[in-house]
There are 2 protein chains.
Amino acid sequence: MACAPAILRFHTRKPNIFMGRRSEHSRDELRTLIIDAALELIKEQGSGSVTARQIAKSIGYTPGMLYAVFKNQHDIFLHVNLCTLESLQQHCINSCRNQPDPAKRLLLLGKAYWSFASEHTHQFDLLFARHESQDAEIPPALPVRVQALFALVETALVELLSPSDKDPNKDQVALAARALWSGVHGATELGLSDLFFFSPENSKTDAPNAAQQSEQVIDTLIQQFVAGWLATNPIK
Amino acid sequence: MACAPAILRFHTRKPNIFMGRRSEHSRDELRTLIIDAALELIKEQGSGSVTARQIAKSIGYTPGMLYAVFKNQHDIFLHVNLCTLESLQQHCINSCRNQPDPAKRLLLLGKAYWSFASEHTHQFDLLFARHESQDAEIPPALPVRVQALFALVETALVELLSPSDKDPNKDQVALAARALWSGVHGATELGLSDLFFFSPENSKTDAPNAAQQSEQVIDTLIQQFVAGWLATNPIK
DNA sequence: TCGTTATATTAAACAATGTTCAATTTAATC
DNA sequence: GATTAAATTGAACATTGTTTAATATAACGA
């Protein structure tokens, strides 16, 4: 292979990020362009009917380009989910930041979770949709954001037990927070699907709609859980 | 239109279900054939990758035939969901039919719900998947089955309060049952998605897997809820 | 028994989808 | 200004759900 060295010499050139670009946008700009466009389309139509061609067209590109930036469609949606999770987190934090009473704060958090889900149904659906495992890695920021959500609940639960003392069983608190919030999440899911099926005879003349039912179920769940939490954990 | 009556005469013949059949199967047999085939494929692959061609091929027919029996693919899946819901219901009933203690029964129900979901993940996913509204009507048997599931919880909650007395507030019981079961459902969903994200430092050297976590979360939720239920409702 | 009629099923087509990749355009480099 | 490498395209590919004209077949009437 006498010619190999001569050929390899050409490959030693340092690559440049801007080489050969045709558009105004850097790779990172393209990333956010794509994610924002996808998010917008999902808000309008739901993720199920958003196509690669739609996303590309809405930012003035060709579908093929998307695959130079993201691994596949599912990869794009994963990064949309990151945005959604961030919005959800902010919405929850804002809903209760001025409420010092931990029990009331939990109720506000529950209402916020439901209101976000019902006002951003398509985003919420995608966030918790369970596709069979695609070949795209979960962004590492996702677990962090979920934990941050749980932390809000954990704090409230700790405050409920000991407003002054600060030595709770962390394992127990983490478990309780996840149990309680699983409940709020489940009620939200069932509420969105309108799956409560209250017997008509049980309710009065004016049957509550799905949204009212959900809020009632969530409130009940939180109240009962808090009552149980206080009953089983004696105030130190 | 002098000829009209002559033509119309032919149309007065009574239609017969077996007219022109080429196969051994009646329309109803085809319905169950299709549903069973779809169910089997969903168990193996998950609904997301089951195609009309696969279903048709597995029962020795052509995809076009499916559309003479069902409105569309979503319609087929809805009827698969009916089977799934029936299995889930049976699984739950069987899990606790010999347990007289209502609190223990609720725990068994929770375990059963989780075990069904984790052993039939693909079916469970399809059952609660929230597609954007397709044009196929929900089978009327579905609400009935969901209510039957809630009834198991309602009964246990009533027994918890008054083992002998039988005059509970029905609205309150219905609400509490849905709240509690929303929780179990939510914990199941989050568990399947492995979204609990317990901080590693909180757990001991041997971190529990997703299944163990889910069962623990579900147990905690039920125990706390029951404690709250007993605390807020004085025994009559 | 033999056409006639109504149904059941097919086969082929359709438009739309996600994705790939050779070809092309463009910018940076020598 | 020629060369090199990256960015983007555009056309293709295999699949998908679904429709529909054509066909095969069973029941009916005489």
Side-chain angles (χ1 to χ4, degrees), chain A residues 6-31 33-34 37-38 41-42 45-57 59-78 131-132 134-136, chain B residues 6-31 33-34 37-38 41-42 45-57 59-78 131-132 134-136:
Chain A
I7 291 176
L8 280 177
R9 191 148 46 89
F10 295 121
H11 288 278
T12 56
R13 276 234 202 129
K14 285 177 187 168
N16 186 307
I17 315 176
F18 297 99
M19 256 195 174
R21 73 164 171 213
R22 293 192 214 172
S23 76
E24 305 298 311
H25 309 104
S26 71
R27 195 105 295 197
D28 273 349
E29 284 172 334
L30 280 178
R31 283 181 69 86
L33 267 181
I34 294 171
L41 288 167
I42 288 166
Q45 320 172 351
S47 68
S49 59
V50 172
T51 73
R53 285 168 174 82
Q54 282 181 332
I55 298 174
K57 187 174 186 179
I59 57 174
Y61 281 86
T62 303
M65 184 271 283
L66 303 179
Y67 296 85
V69 184
F70 289 97
K71 189 169 184 184
N72 51 33
Q73 199 185 41
H74 185 240
D75 193 19
I76 298 176
F77 286 176
L78 273 183
H131 320 85
E132 288 84 43
Q134 305 271 10
D135 46 359
Chain B
I7 291 178
L8 280 177
R9 191 151 43 90
F10 295 122
H11 288 278
T12 56
R13 278 240 199 118
K14 285 175 185 166
N16 186 306
I17 315 176
F18 298 98
M19 258 193 173
R21 74 164 171 212
R22 290 194 216 171
S23 75
E24 304 298 310
H25 308 103
S26 72
R27 194 105 297 194
D28 274 349
E29 286 171 333
L30 279 179
R31 283 180 70 86
L33 267 181
I34 295 171
L41 288 167
I42 289 167
Q45 320 172 350
S47 69
S49 59
V50 172
T51 72
R53 285 168 175 82
Q54 282 182 330
I55 297 173
K57 187 174 187 179
I59 56 174
Y61 280 87
T62 304
M65 186 271 285
L66 303 179
Y67 295 84
V69 183
F70 289 97
K71 191 168 184 183
N72 51 34
Q73 198 185 42
H74 185 238
D75 193 20
I76 298 178
F77 286 176
L78 275 183
H131 320 86
E132 287 85 42
Q134 304 271 10
D135 47 359

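Since the structure is predicted, the reported quantities are computational estimates derived from the model, not experimental observations. Throughout, a chain's letter reflects where its sequence line sits, starting with A, and its residues are numbered from 1.
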Between [atom2] of [N] and [atom1] of [X], the distance in whole Å:
{"X": "A/Asp75", "N": "C/dT19", "atom1": "CG", "atom2": "C1'", "answer": "14 Å"}
{"X": "A/Ile76", "N": "C/dG18", "atom1": "CD1", "atom2": "P", "answer": "9 Å"}
{"X": "B/Arg31", "N": "C/dA8", "atom1": "CZ", "atom2": "P", "answer": "14 Å"}
{"X": "A/Phe70", "N": "C/dG18", "atom1": "CZ", "atom2": "C1'", "answer": "16 Å"}
{"X": "A/Tyr61", "N": "C/dT25", "atom1": "OH", "atom2": "C1'", "answer": "14 Å"}
{"X": "B/Leu66", "N": "C/dA11", "atom1": "CG", "atom2": "P", "answer": "14 Å"}
{"X": "A/Ile55", "N": "D/dT8", "atom1": "CD1", "atom2": "C1'", "answer": "17 Å"}
{"X": "B/Met65", "N": "C/dA12", "atom1": "CE", "atom2": "P", "answer": "18 Å"}

Does the side chain of B/Tyr61 come within less than 4.5 Å of B/Ile34's, by heavy atoms?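 Counting from C-beta outward, B/Ile34 and B/Tyr61 never come under 4.5 Å.
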
So how far is it from B/Leu66 CG to B/Ile59 CD1, rounded to the nearest 0.5 Å? 6.0 Å

Dump the pairs, protein N or O against N or O of nucleotides 14-17 of chain D, anything under 3.5 Å, distances to one decimal.
| unit_1 | atom_1 | unit_2 | atom_2 | d |
| --- | --- | --- | --- | --- |
| D/dG17 | OP1 | B/Ala52 | N | 3.4 |
| D/dG17 | OP1 | B/Gln73 | OE1 | 3.4 |
| D/dG17 | OP1 | B/Gln73 | NE2 | 2.4 |
| D/dG17 | OP2 | B/Ala52 | N | 3.0 |
| D/dG17 | N7 | B/Arg53 | NH1 | 2.8 |
| D/dG17 | O6 | B/Arg53 | NH2 | 3.0 |

Look at the side chain of A/Arg27 and decide which nucleotide, out of C/dT9, D/dA7, D/dG10, has an atom nearest to it.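 Closest of the options to the side chain of A/Arg27: D/dA7.
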
Minimum heavy-atom distance between B/Ala56 and B/Pro63, given as atom pair plus value: CB-N, 3.4 Å

For a quick check of understanding: with a heavy-atom distance under 4.0 Å over all strands, which category does B/Leu30 fall into, base, sugar-phosphate or nothing? sugar-phosphate

With sequence neighbours excluded, residues passing side chain to side chain contact (heavy atoms under 4.5 Å, CB included) with B/Leu78: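 Expected list: B/His74, B/Asn81, B/Ala136, B/Pro139.
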
Give every donor-acceptor pair under 3.5 Å between a side-chain atom in residues 46-55 of chain A and any protein atom, sequence neighbours left out.
| unit_1 | atom_1 | unit_2 | atom_2 | d |
| --- | --- | --- | --- | --- |
| A/Ser49 | OG | A/Gln45 | O | 3.4 |
| A/Thr51 | OG1 | A/Arg53 | N | 3.4 |
| A/Thr51 | OG1 | A/Gln54 | N | 3.0 |
| A/Gln54 | OE1 | A/Thr51 | N | 3.2 |

Is A/Lys57 atom NZ crowded by more than 12 heavy atoms from other residues, nucleotides or ligands, each under 6.0 Å away?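 Counting other residues, nucleotides and ligands, NZ of A/Lys57 stays at 12 neighbours or fewer.
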
